[in-house]
Amino acid sequence: MKIRILRNDGSKQWWQEYSEEPHKGATVLDVLLNIRETQDHTLAFRHSCQMGSCGSCGMVINGKPSLACQTRITELKSETIRIEPLYSYPVIKDLVVDLNDFVNKHRSVKPYIIRKNPQELEEAPMEFRVTSRENMNFIQYDYCIMCGLCVAACPTVALDPQFTGPQALAQAYRYIADPRDEGFQERQPELDTSHGVWRCHFAGSCSFVCPKGVDPAKAIQLLKREILKRKFVRGPRAGAPASVLVQPEKPISNPPKAPPLDFKMGVNQNE
Amino acid sequence: MNKRFKSGLLTSLNPTRYNLERWSYTLHRITGVILALFLIAHIFEIYHVTLGIAGWDQTMAELSNLGVIELIGMWIIAGSALYHGANGLRLILNEVFGLLLGKPRLPEYPYSPLSLGRNQKIAIYVITLIVVALWIWAGLYLLAGLGIVRW
């Protein structure tokens, strides 16, 4: 079997061909690891969990953005496998791409619960109650592993690098749909722009390639509807229903205190 | 054309290996560009009205005697308008009203995104059928203009 890999050393790129005889049931990641072990130790690619949970081994396999650890050689039904780095990302080396812009866009939509009174997140005066029906509106988007395949598949990101992208927009919807969140107005300047949610033209490729069934395309369309609703029907201040903060049925005696959150943790030092 | 834009354009307009909606998206872009070019030509055409009655009559006379290539062009424009309009209505249902997308649910393996599910596929097939039928009708109408088909 021929494995063709689009190599890149930072200044030039070229196709390099390797011969491999993978065992039955081998994944593309197994093949890459074997190539690096036995043929070419200069080949660079990311991987970690090898079970589709970490999202590190995203690459374009035979023209489709996929996780290498979740793609079996047999299912490709091809004697030659073409492997390229993810589309629309700057390449650092070989199959390793620069995810800085991706992560910054994720941060830009404030992917966390925002309350008008931030003190409530530190010491909640009452219980935040989410019913299972309300939970079903956003839990799907919690499954995102940030592998970046959706962005590589998106035809809009390919043409407009400023577009917020399907991953970040799906995460924005996840928090806007959360009844505990009151941050719509804070997120609106990032989302309600020509490079935000309105740039998406619903090609659906993001949902098609998502390895976790997150369906970002749906989240983006629902986000558009939500923005229109809040702008023209319900008013921008509409947010969490009053019933979210409820008194617990049994008062908790001596409730455990959450440790103070270090908001600087993980934040770029240059910011 | 810079390298980033060129590779982006190629990636953007290549629907192979992707879903039906991606094909629909690509066709929507292409028909959009055709309609934009037509709009420019149309503005140029109606500009002739500023040349007075004689100028306008001459333009109209030229346009009523189109050759085969021009008629094929008109047919492509008609098809583009039909597809772009019909698919645009589907997108309005998706984007403004959140219809045909299904409700959010727990992802279950093997994953099949609901937004690209049965409802969406049916809508695309219905649109394609209607557009093809109307496009054939438009073609026959244009052929009747050439006297090849009796209308």
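Only heavy atoms go into these numbers, but all of them, side chains included; no hydrogens, no water, no symmetry mates. Everything quoted here is computed from the prediction, not taken from an experiment.
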Checking heavy atoms, do the side chain of [X], its backbone, both or neither come under 4.5 Å from chain B?
X      : result
A:V157 : backbone
A:F208 : both
A:P161 : both
A:A153 : both
A:D142 : neither

Atom pair [atom1] ([X]) and [atom2] ([Y]), whose distance is rounded to the nearest 0.5 Å:
X      : Y      : atom1 : atom2 : result
B:R22  : A:C154 : CZ    : SG    : 7.5 Å
B:L106 : A:N135 : CG    : CG    : 8.0 Å
B:L91  : A:C200 : CG    : SG    : 9.5 Å
B:L13  : A:L159 : CG    : CG    : 7.0 Å
A:F202 : B:L101 : CZ    : CG    : 5.5 Å

Would you say the side-chain atoms of A:D215 pair up with the backbone N or O of B:S115, donor to acceptor, closer than 3.5 Å?
->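 Confirmed, A:D215 side chain pairs with B:S115 backbone.
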
Does any N or O in the side chain of A:Q140 come within less than 3.5 Å of the main-chain N or O of B:P107, such that one atom is a donor and the other an acceptor?
->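 Side chain of A:Q140 to backbone of B:P107: no pair is present.
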
If you define the side chain from C-beta out and look only at heavy atoms, does anything of [X] sit under 4.5 Å from [Y]?
X      : Y      : result
B:V96  : A:K224 : no
B:N19  : A:S205 : yes
A:Y87  : B:N14  : no
B:Y18  : A:P65  : yes
A:Y141 : B:P104 : yes

For the [atom1] atom on [X], are there more than 12 heavy atoms of other groups (residues, nucleotides or ligands in this structure) within a distance under 6.0 Å?
X      : atom1 : answer
B:K103 : NZ    : no
B:I53  : CD1   : no
A:M146 : CE    : yes
B:E108 : CD    : no

So which of A:A217, A:A219, A:A158 has the largest heavy-atom pair count under 4.5 angstrom toward chain B?
->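 Among the listed options, the one with the most contacts to chain B is A:A158.
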
Among the options A:I220, A:L222, A:N62, pick out the one with the most heavy-atom pairs lying under 4.5 Å from chain B.
->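 That would be A:N62.
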
Under a 4.5 Å heavy-atom cut-off, does chain A meet the side chain of B:Y109, its backbone, both or neither?
->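 When you check distances to chain A, no heavy atom of B:Y109 falls under 4.5 Å.
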
With only heavy atoms counted, which part of B:Q120 is less than 4.5 Å from chain A, the side chain, the backbone, both or neither?
->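 Contact with chain A: side chain only.
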
Non-hydrogen atoms of B:R17 and A:I61 that approach each other most closely =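 Here B:R17 and A:I61 meet closest at NH2-O, 4.2 Å.
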
Nearest heavy-atom pair of B:Y25 and A:H201: which atoms, and what distance?
->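 Looks like CE1-CB, 3.7 Å.
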
